Engineer: 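Below are the structure tokens for one structure; questions will follow.
Lettering of chains follows the sequences in order, A, B, ..., and the numbering in each one begins at 1. These numbers were taken from a predicted model, which means no experiment stands behind them.
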2 protein chains.
Amino acid sequence: MHGYDKHAYEPFAVTVDLAVFTLRAGQLHILLVERGQDPYAGRWALPGGFLAPDESAESAARRELAEETGLSDVAGLHLEQLRTYSEPDRDPRMRVVSVAFAALVPNAPQAQGGGDAARAAWLPYEPGARGAYGPLAFDHDVILADAHERIGGKLEYTCLATAFCPPEFTLGELRQVYEVVWGTELDPANFRRKVLATPGFVEQIPGASRLTGGRGKPAALYRAGGATSLLPPLLKPAPDATEGTR
Amino acid sequence: MHGYDKHAYEPFAVTVDLAVFTLRAGQLHILLVERGQDPYAGRWALPGGFLAPDESAESAARRELAEETGLSDVAGLHLEQLRTYSEPDRDPRMRVVSVAFAALVPNAPQAQGGGDAARAAWLPYEPGARGAYGPLAFDHDVILADAHERIGGKLEYTCLATAFCPPEFTLGELRQVYEVVWGTELDPANFRRKVLATPGFVEQIPGASRLTGGRGKPAALYRAGGATSLLPPLLKPAPDATEGTR
DNA sequence: CCAAAAGTGTTCCTCGTACACCCATGT
DNA sequence: ACATGGGTGTACGAGGAACACTTTTGG
């Protein structure tokens with residue numbers, strides 16, 4: 001870090017972009033806003049905004065998260081810096097450097113068309129194939145794909161999955177988090193043992209139980225434990241080579 | 001992303017900071033520059049600099065890497081975005097948002113006091129205890145610790161370790177990378193099997209061999225293979241609980 | 001009675017760990 | 001001769017994968 005003349009270089013705008021995931025009806029959803037103005041008017045985009053003069057990217061991201069989701073208690077939600085996107089031409093109007101975040105929300109409430117965004121909605125996310133939202137504005141398709149990959153990877157070796165669950169949940173619901181994010185199926189029996197064998201992953205709520213959508217035996221309820229790392233990791237099963245490329 | 005008035009917000013300076021590691025004499029070293037001016041005059045700092053108007057953070061980082069190390073071929077070196085540091089008070093003079101990178105260099109040549117940096121040097125890095133360089137300028141101690149943690153973690157599940165090695169290396173040298181970065185010892189026999197069992201991690205150079213510091217049997221030479229991910233991972237041994245806190 | 005999901009038990013097999021042992025070289 | 005590091009072999013044990021089986025609910 002050498003010269004420090006404040007005017008020697010063109011100023012940059014610094015923004016945050018958020019990839020906010022939730023689980024709804026057994027499917028992974030992503031929070032998107034519809035752009036009201038050019039460029040990319042009418043296209044869907046990740047929610048985000050400028051850094052205020054006195055806040056860090058983390059603060060700005062959490063503020064935007066509260067505004068866009070309409071959630072009152074945003075303090076406990078998982079919010080994680082992904083990486084920074086700084087290609088010179090990523091915004092056609094000016095130099096915008098964007099710090100991207102990934103966030104996880106449990107029971108998604110109604111999306112807020114909050115503030116100045118034209119419209120906000122939770123849309124189902126399918127990796128690879130674009131879902132109901134066509135190509136996103138700017139480089140947000142790349143950011144979204146990176147965010148999904150990061151979340152999927154972190155499930156393997158952290159206790160992050162509970163961030164998708166409400167305060168009280170069953171082991172079947174927790175398992176569904178893995179299955180939906182990874183797009184695979186897991187053996188319920190082995191999953192159960194693995195989770196319970198990890199100290200601090202979940203704590204059983206004594207006596208409580210809940211019926212799971214009518215059918216089946218009532219399941220015991222658990223809440224998230226204090227642990228953050230998951231050792232040994234819970235590995236995503238290798239894609240079966242016999243399936244070929246369908 | 002809402003209003004776009006170029007002058008509605010205070011402009012930010014955007015810089016890159018580099019944590020460049022190398023192995024020297026069986027010890028992990030970090031490239032530092034000595035600051036010539038206030039603030040933090042006389043203190044060591046990570047090399048870095050401003051983004052030019054037409055380059056991305058990745059381009060700027062690679063440019064700085066070439067300038068500071070004096071290496072001619074910087075294209076093949078491992079350079080990886082770490083995260084972005086944006087606390088409002090991290091630079092006392094103005095708002096500076098810094099995109100941090102971690103880089104790995106094999107056989108470190110002489111450090112360049114290149115350009116405007118007062119002095120540049122490779123200094124031994126010891127996690128935890130500050131080494132020969134006292135507290136770094138700005139928040140660079142935090143960045144450096146984050147970078148070391150990231151590198152150590154990536155060794156577990158990627159083939160990154162070869163980035164520390166010259167084009168031709170022995171398995172003992174590769175093993176030393178892990179031992180030095182992790183601060184542990186590994187079983188040479190099991191390490192050998194693990195590496196050779198991973199397709200594309202290393203390729204043997206037929207017929208070649210090299211004496212290893214005089215003593216011992218000459219070792220076969222290998223070069224880096226094409227693989228990047230290491231499955232199953234090569235786990236860092238858990239710290240032995242019998243050792244206590246010395 | 002049947003389907004579906006929770007929860008328990010058991011077997012098989014892979015892989016990591018630890019350690020013994022031989023090989024080739026310098027002092 | 002001996003120390004040192006490369007390289008091979010092997011036995012033990014933890015842990016994951018697969019699957020059978022029981023339990024409890026709704027239809």
Engineer: Distance only, no hydrogens: is a donor on one side chain within 3.5 Å (strictly under) of an acceptor on the other, for B:Q27 and B:H29?
Structural biologist: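 Judged by distance alone, the side chains do not pair up.
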Engineer: In whole angstrom, what separates B:D187's CG from C:dA20's P?
Structural biologist: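 Result: 11 Å.
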Engineer: Closer than 4.0 angstrom, basic N to acidic O: yes or no for B:E58 and B:R62?
Structural biologist: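 A salt bridge is absent here (no side-chain N lies under 4.0 Å from a carboxylate O).
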Engineer: Taking atom P of C:dA5 as reference, at what distance in whole Å does atom CD of A:Q176 sit?
Structural biologist: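 It works out to 10 Å between those atoms.
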Engineer: Looking at the side chain of A:K217, which of C:dG9, C:dA24, C:dA5 is the nearest nucleotide?
Structural biologist: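 Minimum distance to the A:K217 side chain belongs to C:dA5.
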Engineer: Could you state the CZ-C1' distance from B:F191 to D:dG5, rounded to the nearest angstrom?
Structural biologist: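 Atom CZ in B:F191 sits about 15 Å away from atom C1' in D:dG5.
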Engineer: Measure the distance from CG on B:L186 to C1' on C:dA18 and round it to the nearest whole Å.
Structural biologist: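 Going from CG in B:L186 over to C1' in C:dA18 covers 14 Å.
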Engineer: Whole angstrom is fine here: how far is it from CD in B:E179 over to P in D:dG5?
Structural biologist: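 After rounding, the gap between these two atoms is 11 Å.
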Engineer: Does the base of D:dG9 carry an N or O that pairs as donor and acceptor with the side chain of B:R193 under 3.5 Å?
Structural biologist: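 Between D:dG9 and B:R193, which were checked side chain against base, a qualifying N/O pair under 3.5 Å is present.
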Engineer: For B:P232, report the nucleic acid contact type (base, sugar-phosphate, nothing); a contact means any heavy atom under 4.0 Å.
Structural biologist: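 Answer is sugar-phosphate: B:P232 comes under 4.0 Å of backbone atoms only.
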Engineer: Without decimals, in angstroms, what is the distance between A:E185 CD and D:dA17 C1'?
Structural biologist: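 A:E185 atom CD is separated from D:dA17 atom C1' by 15 Å.
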Engineer: So does A:R215 get a side-chain nitrogen or oxygen closer than 4.0 Å to the phosphate oxygens (OP1/OP2) of D:dT24?
Structural biologist: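 Indeed not, no polar side-chain atom of A:R215 lies that close.
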Engineer: Quick one: is C:dG16 close enough that its OP1 or OP2 comes under 4.0 Å of any side-chain N or O from B:K194?
Structural biologist: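 It does, given that an N or O in the side chain of B:K194 lies less than 4.0 Å from OP1 or OP2 of C:dG16.
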Engineer: B:Y85 ring centre to B:R83 NZ or CZ under 6.0 Å, with the angle to the axis within 45°?
Structural biologist: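 B:R83 over B:Y85 ring: yes.
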Engineer: Roughly how many Å is it from CG in A:L235 to P in D:dG16, rounded to a whole number?
Structural biologist: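 After rounding, the reported distance stands at 8 Å.
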Engineer: Run the salt-bridge test on B:E80 and B:R150 with the 4.0 Å N-O cut-off and return the result as yes or no.
Structural biologist: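 A salt bridge is present here (some side-chain N lies under 4.0 Å from a carboxylate O).
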Engineer: Can a salt bridge be assigned to the pair A:E156 and A:K236 using a cut-off of 4.0 Å between side-chain N and carboxylate O?
Structural biologist: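 Here A:E156 does not pair with A:K236 in a salt bridge, since their nearest N and O are not under 4.0 Å apart.
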Engineer: On the side chain of B:R175, is there an atom forming a donor-acceptor pair with the base of D:dG6 - under 3.5 Å, no angle test?
Structural biologist: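 For B:R175, whose side chain was compared with the base of D:dG6, there is no donor-acceptor pair (under 3.5 Å).
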Engineer: Between B:R192 and D:dT8, is there a contact of a side-chain N or O with OP1 or OP2 at under 4.0 Å?
Structural biologist: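 For D:dT8, OP1/OP2 do have a side-chain N/O of B:R192 under 4.0 Å.
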Engineer: Could you check which of C:dT8, D:dT25, C:dA18 has an atom nearest any side-chain atom of A:P218?
Structural biologist: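 Closest nucleotide to the A:P218 side chain: D:dT25.
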Engineer: Between P on D:dG6 and CG on B:N190, what's the gap in Å once rounded to a whole number?
Structural biologist: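 Computing the B:N190:CG to D:dG6:P distance gives 14 Å.
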Engineer: At 4.0 Å (heavy atoms only), tell me whether A:A220 reaches a base, stays on the sugar-phosphate, or touches nothing.
Structural biologist: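 Result for A:A220 = sugar-phosphate.
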